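Everything below concerns the one structure shown next.
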Amino acid sequence: MSLTSSSLSERLLPERVVARARLGDREPLARLVIAGLAVLLVAVMLFSLTTGALQISLSAVVNGLFGQGEAASPSELRDRIVLMDVRLPRVLLGALIGAALAVSGAVMQGLFRNPLADPGIVGVSAGAGLGAASMIVLGTTALSPVVAVLGIYALPLAAFLGGLVTTFALYRIGTRGGMTSIATMLLAGIALAALAGAATGLLVFIADDQQLRDLNFWGLGSLAGANWEKILAAGPIIAIVLVGVPFLASGLNALVLGEAAAGHLGIRVQRLKRIAIVAVAAATGASVAVSGGIGFVGIVVPHLLRLTIGPDHRFLLPACALLGGSLLILADTVSRTIVAPAELPIGILTALAGAPFFLWILLRRKGLIAT
Amino acid sequence: MTLLLPRPLGRTLRRIALAAALTLPASPAFAEEAADISGAQRIVSIGGSVTEIMYALGEEGRLVARDSTSGFPDAATALPDVGYMRALSPEGVLSVKPDAILMLDGSGPPEALAVLREAGVPYVAVPETYDRAGILGKIEKVGEAIGASDKAAKLSEQVAAELDAAIDEAKARGRDARVLFILSMNGGRILASGTGTAANGIIEMAGATNAMGVFEGYKQINDEALIAAAPDVILMISRGEGHTASADQVFANASLAQTPAGQNKRLIQMDGLYLIGFGPRTGAAVRDLSAALADMGL
């Protein structure tokens, strides 16, 4: 541990906690961090609700959220709609998706015992991308009956299905004789991603210029289209995964020792893999479906937390959910205010902040940066 | 490609679906497209040609914001920019406190429009087609929407006269030039415009032939097809000071160099909004394009 970070934590944390962390027991530290992150999430949500292109005062926000009665004037109506139909759905969707991506990343890194695994590794992003591109490009022609029936839900549904189908195919390819080979899944994932990429490329080729623009914006990811319908569509899936995933924690902890050793410890490894993969595919698919591809949250957040509270999944998973949500809400707040009244796709911001950070982690691992 | 429905049919179906999706939660007052914004004094203008028309009508004093495609006249760029017309942010648009939105068809996304409608900001969509009637229709639609039909009729008459004169002039040139419009040529990949595009519209108005009339929309074209298309001249959008590709750079492309355009180094570059914006200046753009072709002996 470096001098600077330990002196910083000594100043911020009770002596007892620091001493136990030094001895290798980071449990009290993890509990404190999780409590801190919960406070952070609430603070970030309030900050985001009170920040935007339109000036809305804190009292108006509180009134809008908890107040009764009709809006008195057109400007009050406008403020209330911005608050209830623009900001609040974005904040809630940001919390859900940030949590889903970060937790999915942590689970995948645990399951694959590979620090570079992100939610996309189970093929869900490539498949969802293909599903979305099909709907954007063919929605006016071959798939127009689908659009006619499903309306604006056609696109997210296609993305979600595309993600699940790809994950299912990968799982089948990687499973032989009742055992799933993680290495086969990883390699097959690269092949399937290439295949989905090729099909998407074909769609890009036949797209007209407006569709190209839409594809481009979708690929960058954004919470801009957040509304209550999207929260109702993606929310329950993500919520179930977030509530269920902590039950995998002890299994993922045992898996660090290797599959055979985990089996000897009484973990049903195959069942663990199956549940984890389905959970990640569902959560990531739902996220990608409503917000497009938002990169780096799934890698950066788990790594950042492992550095602080250690690799114990019992604490890592809830901490990831809290920090992932906070970071995505914060990034979204920046995305909708930095070039106001226009806005920047959030995928640009997360990659812009995430990529250098990720490089820093890599360099640090190699000992090239002394910290 | 053969599997696809005819494009207009698909487009119509999609419009119907979209309209259904959009109007479902709407309050009756704003459900109809023909919202009354004739008295509006704080208008957000979405779409380069719509903004140009507002200025040409002398109604620019009623504008409070514009989108990123509205780059003309220069005065318009001083207005707050609410972003790209197809990626509008509802809060951003509402933050300029508009009482109406005037937008080119295809502006969106639908989620943003739904919020705007709910916030009680009426909007009028202005349809766009890439021909003479399309331009005059836009002017009339804008005029009618903002309660300036008389001014619009005058402007429309004037623009029609300019367009007719320019088109006649172009016809009188007599020679049929094959024009290849290149949208971009990144890394040697050439993205050219087929039929149904704004570029195709302007090429036809200038009395020339689109060298890529064999496909629809913007497509990457292969080197041999490029040579086979035998364009007499290359038409491109100039990207402002210092970013415009020179003729040498363009014809450094081996296949382009083989074409009649390449052998004679014939390249025309014009401002994007001016050339393919289909607004009040299109008559002048047609005349410029035709004159440039004539200068090259085409």
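Lettering of chains follows the sequences in order, A, B, ..., and the numbering in each one begins at 1. Since we're looking at a predicted model, the values are computed, not measured.
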Item to complete: Against chain B, label A:D85 side chain, backbone, both or neither, depending on which of its atoms sit under 4.5 Å from a heavy atom there.
Response: both
Worksheet item: Between B:D99 and B:R42, is there a salt bridge with N-O shorter than 4.0 Å?
Response: no
Fill in: Top contributor to chain A contacts, counting heavy-atom pairs under 4.5 Å, from B:G217, B:S89, B:A65
B:S89
Worksheet item: For chain A, which of B:V96, B:D67, B:V82 has the most heavy-atom pairs under 4.5 Å?
Response: B:V82
Worksheet item: Side chain of B:S45, backbone of B:T51: donor and acceptor closer than 3.5 Å?
Response: yes
Discussion item. Counting neighbours of CD1 on A:I338 that are heavy atoms of other residues, nucleotides or ligands and sit closer than 6.0 Å, is the number greater than 12?
Written reply: no
Worksheet item: B:A112 versus chain A, heavy atoms under 4.5 Å apart: side chain, backbone, both or neither?
Response: neither
Practice prompt. In plain terms, say whether A:R90 and B:E111 are close enough for a salt bridge, that is, a side-chain N and a carboxylate O under 4.0 Å apart.
Written response: no
Worksheet item: Between B:I221, B:L191, B:I234, which is the residue that forms a side-chain contact (heavy atoms from CB on, under 4.5 Å) with B:I182?
Response: B:I234
Worksheet item: What part of B:Y84 is in contact with chain A, defined as an atom under 4.5 angstrom from a non-hydrogen atom: side chain, backbone, both or neither?
Response: side chain
Worksheet entry | Among A:G225, A:A340, A:A226, residue most engaged with chain B (heavy-atom pairs, under 4.5 Å) | A:G225
